[in-house]
Amino acid sequence: MTGPAAAPPDPSGPQRAGLPDFTIRTTMLTYDQPDASGHFGPYGGSFISETLTHAIEQLRQAYARYQHDLAFQREFRHELAHFVGRPSPIYHAQRLSHELGGAQIFLKREDLNHTGAHKINNVIGQAMLAQRMGKPRIIAETGAGQHGVATATICARYGLECVVYMGAEDVKRQSPNVYRMKLLGATVVPVESGSRTLKDALNEAMRDWVTNVENTFYIIGTVAGPHPYPMMVRDFQSVIGEECLRQMPEMLAELGLPGNGVEAQPDAVIACVGGGSNAMGIFYPYIPLEGVRLIGVEAAGEGLDSGKHSASLQKGQPGVLHGNRTYILQNDDGQITETHSISAGLDYPGVGPEHAWLKDSGRAEYVGVTDAEALAAFHRLCRTEGIIPALESSHAVAYAMRLAPTMRPDQSLLVNLSGRGDKDIGTVADLSQADFYCRPSCRGQSVKGDVALASLR
Ligand SMILES: *Cc1c(COP(=O)(O)O)cnc(C)c1O
């Protein structure tokens, strides 16, 4: 059953050309983050109004208590196994790897989780905390609706009241997810202020929390927000990487591949970065394994120099957003700038503070993939492997497709396939100018399926 066990990292392990000199000491300093007040190097921390200090302190104490509590951990694992369907498999994308003619590409199948993405892992952990803290009311904010759906799902599962804030513009754009949340019993509140999108929903959720802090738990959907959220969300999501550490040696052994020297692990781990939770989840357990490259893929939108992207780590500057210090996309006056991505889940002007630290320390690399590249990768994975990926995840797949041909066939890349693409087929059909997919707006009109298929060929 089990392959060779993962050996500890070799301190004299191979240094990679072009990468910063990275010692065990700096690795451990990175792995041990954050400090007691939530700082990842100069990033993170807790920038909140006085009205929230009590709530945040309560949460910090609750998490400190249950983080290493055996009964809590046992129940969390049980939920992941029986409600989510974990462990998710690792799949060898054999046809795609063969076509590209380089490194073997492996996919961590978070798309097979209940609700179709990684977000549910974290939401279960936070909902379990809410129960133990005696908070019967859950609030969340959502942009594309994926985090809202995961939260509504868990609230139904645990019998908790659920209120989801969503920009009015997003409510219109994401009507299937809005309906899903309502089916699950959640109240969806359209936010009419500002640009009527995610950041306005965030402000409204904060306002609700301040008002109802006694009975309300705020579930944040990524590794952002004030301490302890970035650490806590990372810990809940790191089940992804922990499974990979066990699964990869077996996968590589099956194919007779050497893996990355003594570690029997992939040469690189690749994940898309919006707020950064699926990436932190798969990266975290790999941080001490110095020979494994960690590559985060940001949305380069219409190009990194176009001004229309969401690449906070590559094009942003340090500043404070959503209760923590991190890289953010801002103009010279410190105003948050408009972001753009083909995928709603990557369309965020900040990034989790731990990624900012991983970038500065050199342990992880961050690259950009454009809308067009992500869309091409989306179609390619559909056609070569029979898997429809989320547009977010397609960014990571696209970078693997760029990197693989530069490597040897006995090397390997592990891609976090963070979610499935069912939610995106309307967007893809629009971009392919395909009328094959009948959107609500085209109901009753003729559907030109042949034209659509032709545009895909
Ligand atoms: C929300 C989402 C993302 C982006 O969020 P992270 O916190 O960066 O992981 C990526 N992929 C999918 C499928 C998502 O739903």
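Both ligands and their constituent atoms are indexed starting at 1 by order of listing. Below, all heavy atoms of this structure are taken into account, side chains as well, without hydrogens, waters or symmetry copies. Each residue takes its place number in the sequence, starting with 1.
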Novice: Below 3.5 angstrom, do we get any N/O pair linking G274 and ligand 1?
Specialist: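 So ligand 1 has an N or O lying under 3.5 Å from an N or O of G274.
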Novice: Taking D69 first and then R132, would you say they form a salt bridge - that is, a charged N and a carboxylate O separated by under 4.0 Å?
Specialist: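 A salt bridge is absent here (no side-chain N lies under 4.0 Å from a carboxylate O).
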Novice: When only distance counts, is G275 in polar contact with ligand 1, meaning an N/O pair under 3.5 Å?
Specialist: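 Yes; at least one N/O pair falls below 3.5 Å.
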Novice: How would you list, by chain and number, every residue that makes a ring pair (Phe, Tyr, Trp, His ring centres under 6.0 Å) with H340, sequence neighbours excluded?
Specialist: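 With sequence neighbours excluded, H340 shows a ring pair (Phe, Tyr, Trp, His ring centres under 6.0 Å) to no residue whatsoever.
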Novice: Using heavy-atom distances only, which candidate in S394, G276, G116 approaches atom 8 (O) of ligand 1 most closely?
Specialist: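 Looking at heavy atoms only, the winner is G276.
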Novice: Take atom CD1 of I48 as the centre, draw a 6.0 Å sphere, and report whether it contains more than 12 heavy atoms from other residues, nucleotides or ligands.
Specialist: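 For I48, atom CD1 is crowded (more than 12 foreign heavy atoms under 6.0 Å).
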Novice: I'd like to check which ligand 1 atoms, numbered from 1 as shown, lie under 4.0 Å from a non-hydrogen atom of C272.
Specialist: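 Listed by number with element: 10 (C).
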Novice: Nearest to atom 6 (P) of ligand 1, what protein heavy atom do you find, and at what distance?
Specialist: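 Checked against all protein heavy atoms, atom 6 (P) of ligand 1 sits closest to S277 N, 3.3 Å.
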Novice: Has ligand 1 got any nitrogen or oxygen that is less than 3.5 angstrom from a nitrogen or oxygen of K423?
Specialist: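 No, there is no polar N/O contact under 3.5 Å.
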Novice: Are any of the N/O atoms on H118, whether in the backbone or the side chain, positioned under 3.5 angstrom from an N/O atom of ligand 1?
Specialist: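 Yes, since at least one N or O of H118 sits under 3.5 Å from an N or O of ligand 1.
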Novice: Picking from I154, V164, T153, what satisfies side chain to side chain contact (heavy atoms under 4.5 Å, CB included) with L184?
Specialist: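 When I154, V164, T153 are each tested with L184, the side chain to side chain contact (heavy atoms under 4.5 Å, CB included) holds only for T153.
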Novice: Only heavy atoms of G419, strictly under 4.0 Å: list the atoms of ligand 1 that pass.
Specialist: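 Here the atoms of ligand 1 in question are 13 (C).
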Novice: Can you find a non-hydrogen atom of A279 under 4.0 Å from ligand 1?
Specialist: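 It does not, in that no heavy atom of A279 comes within the 4.0 Å cut-off of ligand 1.
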Novice: Looking only at protein heavy atoms, which one is nearest to atom 11 (N) of ligand 1, and what is the separation?
Specialist: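 Protein heavy atom at minimum distance: S418 OG, 2.8 Å.
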Novice: Closer than 4.0 angstrom: is that true for some heavy atom of E110 and an atom of ligand 1?
Specialist: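 No, E110 has no heavy atom closer than 4.0 Å to ligand 1.
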Novice: For atom 15 (O) of ligand 1, grab the closest protein heavy atom and report residue, atom and distance to one decimal in Å.
Specialist: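 For atom 15 (O) of ligand 1, the nearest protein heavy atom comes out as K119 NZ, 2.7 Å.
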Novice: Is it true that, when you exclude E99 itself, more than 12 heavy atoms of the residues, nucleotides or ligands shown sit nearer than 6.0 Å to its CD?
Specialist: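 Yes, CD of E99 has more than 12 neighbouring heavy atoms, counting only those of other groups under 6.0 Å.
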Novice: Would you find more than 12 non-hydrogen atoms of other residues, nucleotides or ligands less than 6.0 Å from R65 atom CZ?
Specialist: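 Not buried by this count: 12 neighbours or fewer within 6.0 Å.
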Novice: Mark up the atoms of ligand 1 that fall under 4.0 Å of a heavy atom belonging to Q146, in ascending order.
Specialist: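 Those atoms are 15 (O).
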Novice: In terms of heavy-atom contacts, does CD of E338 have more than 12 from other residues, nucleotides or ligands at under 6.0 Å?
Specialist: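 Count not over threshold, so no.
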Novice: Does anything in residues 395-406 form a side-chain hydrogen bond (donor to acceptor under 3.5 Å, both in side chains)? List the pairs, not counting sequence neighbours.
Specialist: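 For residues 395-406: E373-R402.
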Novice: For ligand 1 and T222, I'd like to know whether there is a polar contact (N/O to N/O, distance under 3.5 Å).
Specialist: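 For ligand 1, there is an N or O atom that lies under 3.5 Å from one belonging to T222.
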Novice: Could you check Q314, K315, H355 and say which one makes a side chain to side chain donor-acceptor pair (under 3.5 Å) with E298?
Specialist: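 One option only clears the test, and that one is Q314.
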Novice: Establish, yes or no, whether a centroid distance under 6.0 Å links the rings of H322 and Y348.
Specialist: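 Distance test on ring centres: under 6.0 Å, yes.
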Novice: Write out the residue and atom name of the closest protein heavy atom to atom 4 (C) of ligand 1, then the distance separating them to 0.1 Å.
Specialist: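 So the nearest neighbour among protein heavy atoms is G345 O, 3.4 Å.
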